[in-house]
Amino acid sequence: MKKLLKNVIDKLSFVLFVLVCSTMYAQPCTFEDVVKETTYDIPYKKYSAPLDMEKVLNGKKDNFLGFIGVNRKRLRITFTSIKKSEENKDVYEVEGFSTVMNKNKRTFKGTFTLQSHYRLTEPAFDVPLPKKGEIVGYSTFSYELAEDENLTATGVFKGKMIVMWLKKVNAAPVYYIPFHDDGERNYQFFGTWTSYKTKKTSVASWGVYRIPCSDDFDEGVGDFIPKPQYWQYGWEEFRY
């Protein structure tokens with residue numbers, strides 16, 4: 001009886017250990033992780049000078065890689081207009097459209113709202129140093145993009161975004177990727193989509209070259225490559 005009890009206790013202890021380890025090491029991705037991925041965790045500090053971000057935000061308006069939902073269905077986002085609000089210098093008014101699995105085009109309108117600017121305090125590891133007076137940095141925004149409620153299968157995209165830029169002397173910043181590496185990325189949108197009809201919320205993220213927090217989906221090293229089990233969800237062109 002004592003031996004049986006010991007075996008049961010040992011098994012329960014092992015299960016508890018596995019659960020504790022899973023809790024410790026399988027935490028969900030956060031926006032802070034997205035920032036580290038995008039900037040290669042290079043040191044930075046806050047940049048307080050005002051910046052006109054219109055050129056940066058218009059530096060890339062289509063051909064993003066994105067997914068939505070637990071099956072990682074292919075999400076395409078296209079921006080048709082991004083302009084600074086006349087009422088609020090920290091807000092940019094956005095229009096565009098989305099498609100899921102290469103169909104169901106849905107228009108949206110919304111905003112990007114500035115959170116903070118930052119400047120890198122060390123150079124990117126394989127890019128020449130900026131010229132005197134030039135600044136390499138990034139900005140973070142919250143975003144909300146509302147699809148047309150009059151159409152079926154529509155909802156609202158919400159989340160946070162990071163975009164990197166280069167500012168030359170006496171000039172507005174421009175869209176810029178300061179890295180040339182297999183993992184380079186920019187303009188990373190990390191968030192959700194919530195259905196108007198069902199009120200259910202799904203993961204929905206997109207970006208340039210890579211999709212934020214997609215370790216269980218993207219098996220590429222030199223290039224983006226979705227895992228074979230996801231090809232059927234709109235990723236057929238990446239079949240090998």
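Numbers here simply count residues along the sequence, with the first being 1. Given the structure is predicted, the values throughout are model-derived calculations rather than measurements.
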Inset, instruction - Tell me, with the steps shown, if Y40 and T38 meet side chain to side chain contact (heavy atoms under 4.5 Å, CB included). - result: CA-CA 6 Å; Y40 286 81; T38 308; over 6 Å; no
Legend entry - Main-chain N/O of T30 paired with D33 side-chain donor or acceptor, under 3.5 Å: yes
Inset, instruction - Compare all side-chain heavy atoms of N186 with those of Y209 and state whether any distance is below 4.5 angstrom. - result: no
Inset, instruction - Would you give the length of the straight line joining atom CG of D215 to atom CD1 of I211, rounded to the nearest 0.5 angstrom? - result: 11.5 Å
Inset, instruction - Assess the pair Y230 and F238: is the distance between their ring centroids shorter than 6.0 Å? - result: no
Inset, instruction - Could you check N102, D62, N63 and say which one makes a side chain to side chain donor-acceptor pair (under 3.5 Å) with R76? - result: N102
Legend entry - Exceeds 12 heavy-atom contacts within 6.0 angstrom, atom NZ of K61: yes
Legend entry - I177 CD1 to Y175 OH distance, which is reported to the nearest 0.5 Å: 4.0 Å
Inset, instruction - Test the R210-F224 pair against the cation-pi criterion, namely NZ or CZ under 6.0 angstrom from the six-membered ring centroid and within 45° of the ring axis. - result: no
Inset, instruction - Provide the closest heavy-atom pair for I82 versus F112 in the form atom of the first, atom of the second, distance. - result: CD1-CE1, 4.3 Å
Inset, instruction - Any chance you could measure K109, atom NZ, to E95, atom CD, to the nearest 0.5 Å? - result: 5.0 Å
Inset, instruction - Going by the side-chain contact (heavy atoms from CB on, under 4.5 Å) test, name the single residue among W165, Y92, F79 that passes it with L57. - result: Y92
Legend entry - N104 side chain reached by R106 side chain, heavy atoms, under 4.5 Å: yes
Inset, instruction - Tell me, with the steps shown, if K167 and L51 meet side chain to side chain contact (heavy atoms under 4.5 Å, CB included). - result: CA-CA 9 Å; K167 185 184 183 310; L51 294 175; 3.7 Å; yes
Legend entry - Heavy-atom closest contact (M164 atom, F179 atom, distance): SD-CE1, 3.8 Å
Inset, instruction - Would you check if V100 and I68 make a side-chain contact, meaning some heavy-atom pair closer than 4.5 Å? - result: yes
Legend entry - Criterion side chain to side chain donor-acceptor pair (under 3.5 Å) on T194 and T201, from CA distance to verdict: CA-CA 4 Å; T194 301; T201 297; 2.8 Å; yes
Legend entry - N-O pairing of E237 and R74 below 4.0 Å: yes
Legend entry - Smallest separation among heavy atoms of M53 and P173, with atom names: SD-CG, 4.1 Å
Legend entry - Interatomic spacing from OG in S214 to NZ in K227 - rounded to 0.5 Å: 10.0 Å
Inset, instruction - Taking atom CG of D41 as the centre, report whether more than 12 heavy atoms of other residues, nucleotides or ligands fall under 6.0 Å from it. - result: yes
Legend entry - ILVMFWY cluster, V208 and F97 together (side-chain gap under 4.5 Å): no
Legend entry - Contact check, side chains of R119 and Y44, non-hydrogen atoms, under 4.5 Å: no
Inset, instruction - Establish whether F108 and M161 are linked, either directly or via other cluster members, by ILVMFWY side-chain heavy-atom contacts under 4.5 Å. - result: yes
Legend entry - Rounded distance [0.5 Å steps], CG in D218 versus CD1 in I225: 7.5 Å
Inset, instruction - Would you please test T78 and F64 for side chain to side chain contact (heavy atoms under 4.5 Å, CB included) and show each step? - result: CA-CA 8 Å; T78 298; F64 294 95; over 6 Å; no
Legend entry - Expected output: side-chain T198 to main-chain K200 donor-acceptor under 3.5 Å: yes
Legend entry - Heavy-atom side-chain proximity of Q115 to S142 below 4.5 angstrom: yes
Inset, instruction - Check whether the ring centres of Y187 and F189 lie less than 6.0 Å apart, and answer yes or no. - result: yes
Inset, instruction - Answer yes or no: is there a side-chain heavy-atom contact under 4.5 Å between V34 and C213? - result: yes
Legend entry - Same apolar cluster: V91 and L114, side chain cutoff 4.5 Å: no
Inset, instruction - Kindly state whether the ring of W235 and the ring of F217 have centres lying under 6.0 angstrom apart. - result: yes
Legend entry - Heavy-atom side-chain proximity of Y138 to V35 below 4.5 angstrom: yes
Legend entry - For the student: nearest non-hydrogen atoms of G234 and M101, plus distance: N-CE, 4.2 Å
Legend entry - R185 with E37: basic N within carboxylate O range, under 4.0 Å: yes
Inset, instruction - Check the pair E147 / T107 against side chain to side chain donor-acceptor pair (under 3.5 Å), numbers first and verdict last. - result: CA-CA 6 Å; E147 294 176 315; T107 57; over 6 Å; no
Legend entry - Within-4.5 Å side-chain heavy-atom neighbours: T39 and I162: yes
Inset, instruction - For the pair K84 and D52, find out whether any cationic side-chain nitrogen is under 4.0 Å from an anionic carboxylate oxygen. - result: yes
Legend entry - Over 12 foreign heavy atoms within 6.0 Å of CG, D223: no
Inset, instruction - Over all heavy atoms of both residues, which pair between N88 and S85 is shortest? Give the atoms and the distance, please. - result: N-OG, 3.3 Å
Legend entry - Heavy-atom closest contact (S116 atom, K46 atom, distance): OG-CE, 3.3 Å
Inset, instruction - Quick one: do K73 and L75 satisfy side chain to side chain contact (heavy atoms under 4.5 Å, CB included)? Show the steps, please. - result: CA-CA 6 Å; K73 292 180 181 179; L75 171 67; over 6 Å; no
Inset, instruction - Using ring pair (Phe, Tyr, Trp, His ring centres under 6.0 Å) as the criterion, point out the one residue from F190, W193, F157 that pairs with W206. - result: F157
Legend entry - K105 NZ to T99 OG1 distance, which is reported to the nearest 0.5 Å: 9.5 Å
Inset, instruction - Determine whether more than 12 heavy atoms belonging to other residues, nucleotides or ligands lie under 6.0 Å from atom NZ of K158. - result: no
